[in-house]
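See below for the structure under consideration.
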There are 2 protein chains.
Amino acid sequence: MTTKRATTRSTSAKAATKPVVEPATKGERTRAILLDAAKRLFVANGYHGTSMREIADEAGLALGGIYNHFGNKEDIFVGVLMERHPFLVVLPALQAAQGQTVETLLRDAAWRMLAELGQNQEFLNLMFIELVEFEARHVSLMFETLFPPLMQFAQQIEKARGPLRDIPLPIVLRSFLGLFFSYFITDLIMGGQMPAAMKVGAFDHFVDIYLHGILTEG
Amino acid sequence: MTTKRATTRSTSAKAATKPVVEPATKGERTRAILLDAAKRLFVANGYHGTSMREIADEAGLALGGIYNHFGNKEDIFVGVLMERHPFLVVLPALQAAQGQTVETLLRDAAWRMLAELGQNQEFLNLMFIELVEFEARHVSLMFETLFPPLMQFAQQIEKARGPLRDIPLPIVLRSFLGLFFSYFITDLIMGGQMPAAMKVGAFDHFVDIYLHGILTEG
DNA sequence: CCTACCGATCGGTAGG
DNA sequence: CCTACCGATCGGTAGG
């Protein structure tokens with residue numbers, strides 16, 4: 001805190017995100033700081049638009065120091081992805097969702113997920129980078145983490161009361177995930193230009209349209 | 001065609017897209033070739049992941065030659081965007097859509113748009129690049145092109161027969177666009193890993209859920 | 001974990 | 001439209 005370098009770091013350590021796991025050793029703390037710095041820069045400028053020197057500066061250490069924690073640049077990106085991919089961010093919300101009927105369950109899940117993603121809309125950018133600059137090569141690394149909770153959620157839907165239309169459950173799941181993309185991306189894309197009439201109560205309406213779309217009764 | 005350079009170019013000019021407007025002068029033809037080459041590389045590797053030398057090679061000319069047609073690298077990206085942004089690609093489909101009822105109109109529009117985007121799923125990447133690497137700075141340039149046809153489509157919906165639920169028309173429009181993002185992005189993201197049950201008849205189901213969601217009668 | 005350095009490549013330009 | 005070049009910056013490493 002009182003060294004020159006620590007001071008230098010503090011000027012650039014803006015909007016630091018609370019780490020997923022509180023780091024125990026000093027090495028782990030530096031690693032966490034690096035991941036957080038890299039995340040901010042990747043989100044803002046893309047993978048190839050971010051240099052190792054910028055990451056070092058943002059984290060408050062010298063270029064060479066990075067390589068004590070990561071083998072190369074791509075390893076850093078993978079590290080960020082494994083901690084901050086929107087699918088992972090959203091998982092706790094999905095697991096916490098509750099409801100006796102299909103409608104209340106999905107509505108609760110939707111709003112919990114929005115609350116989680118709404119603060120961190122930026123994380124969608126990580127997904128886009130993964131899609132464009134890595135051709136989605138790393139998503140498979142998360143698959144075994146994501147699959148079991150998703151299956152559990154599917155079972156929760158099946159057990160819930162309420163008349164579902166004749167739609168295969170996998171399609172219900174996929175379109176439920178799609179609901180968020182449809183909302184966030186129309187927001188991101190049209191961003192500043194979007195007429196207010198397309199914004200007021202939009203998520204409410206989106207969820208409503210979706211639920212009315214899969215249920216037999218209003 | 002018989003010069004050495006023309007031969008060199010032909011080896012790299014794979015999957016050339018039919019130009020939007022058939023170029024008249026030689027300069028316009030070279031410009032079109034450059035845009036097409038740049039589009040392929042941007043889509044594959046992102047903006048910062050593509051170098052001017054790669055674009056020159058892919059187009060079959062020398063690095064310096066590019067600057068007869070574009071002031072700098074960003075100008076090329078803007079050029080690509082203004083010709084190939086998915087919104088523009090989809091516009092003719094939207095304008096050609098027909099139907100007496102809201103349901104038949106939107107169903108027709110959806111399938112026409114799918115046919116347009118389905119061949120060029122890659123174009124979504126242009127949108128992602130614009131979002132991440134340019135913070136959507138260029139979308140406003142297309143706004144005046146996009147807005148009038150969109151408003152006309154809105155009027156077409158209003159005039160069509162069929163009972164719409166109590167949802168503001170702007171929200172109907174926005175969620176209709178979102179429908180495509182929800183479908184394409186769930187496809188791209190899970191890509192290879194997605195269970196077959198999430199794929200069979202998926203777009204059909206998505207459109208069905210959407211229409212059932214906005215209409216009062218099944 | 002830093003300093004000092006490596007070869008390679010970057011976007012862009014001068015001059016023809 | 002090409003050749004030859006510019007200074008700047010890239011990812012990564014050796015050595016301490």
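Per chain, numbering begins at 1; letters A, B, ... match sequence-line order. Here the structure is a predicted model, which means the values were calculated and not measured.
Atoms NE2 (A:His69) and P (D:dG12) sit 16 Å apart, rounded to a whole Å. Going from atom CZ of A:Phe70 over to atom P of D:dG11 covers 15 Å, rounded to whole Å. Taking atom CG on B:Asp57 and atom C1' on C:dC10, their separation rounds to 14 Å, with Å as the unit.
Between D:dG11, C:dC1, C:dG12, one nucleotide has an atom nearer to the side chain of B:Asn72 than all others, and that is C:dG12. Nearest nucleotide to the B:Tyr67 side chain, out of C:dT13, D:dG12, C:dC2: C:dT13. The side chain of A:Leu63 lies closest to D:dT13 when the candidates are C:dG11, D:dC2, D:dT13. Nearest nucleotide to the side chain of A:Met52, out of D:dG11, C:dG12, C:dC2: D:dG11. Closest contact between the side chain of B:Lys73 and the listed nucleotides C:dG11, D:dC10, D:dC1 involves C:dG11.
Between B:Arg137 and B:Glu130, no side-chain nitrogen of the basic residue sits less than 4.0 Å from a carboxylate oxygen of the acidic one, so the salt-bridge criterion is not met.
When heavy atoms are screened at a 4.0 angstrom cut-off, A:His48 is found touching no nucleic acid atom at all.
When Watson-Crick and G-U wobble pairs are counted only if both distances are under 3.5 Å, C:dA14 pairs with D:dT3. Judged by Watson-Crick or G-U wobble contacts below 3.5 Å, the nucleotide C:dA8 has D:dT9 as its partner.
Using cut-offs of 30° and 60° on the angle between ring planes, the pair A:Tyr210 and A:Phe176 is tilted. Taking the six-membered ring for Trp and thresholds of 30 and 60 degrees, A:Phe77 and A:Tyr47 have ring planes more than 60 degrees apart, a perpendicular arrangement.
Taking only side-chain nitrogens and oxygens, A:Ser51 never comes nearer than 4.0 Å to OP1 or OP2 of D:dT9.
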Using side-chain hydrogen bond (donor to acceptor under 3.5 Å, both in side chains), reason through A:Glu74 and A:His138 one step at a time and then give a plain yes or no. CA-CA 10 Å; A:Glu74 184 166 342; A:His138 305 114; 3.0 Å; yes
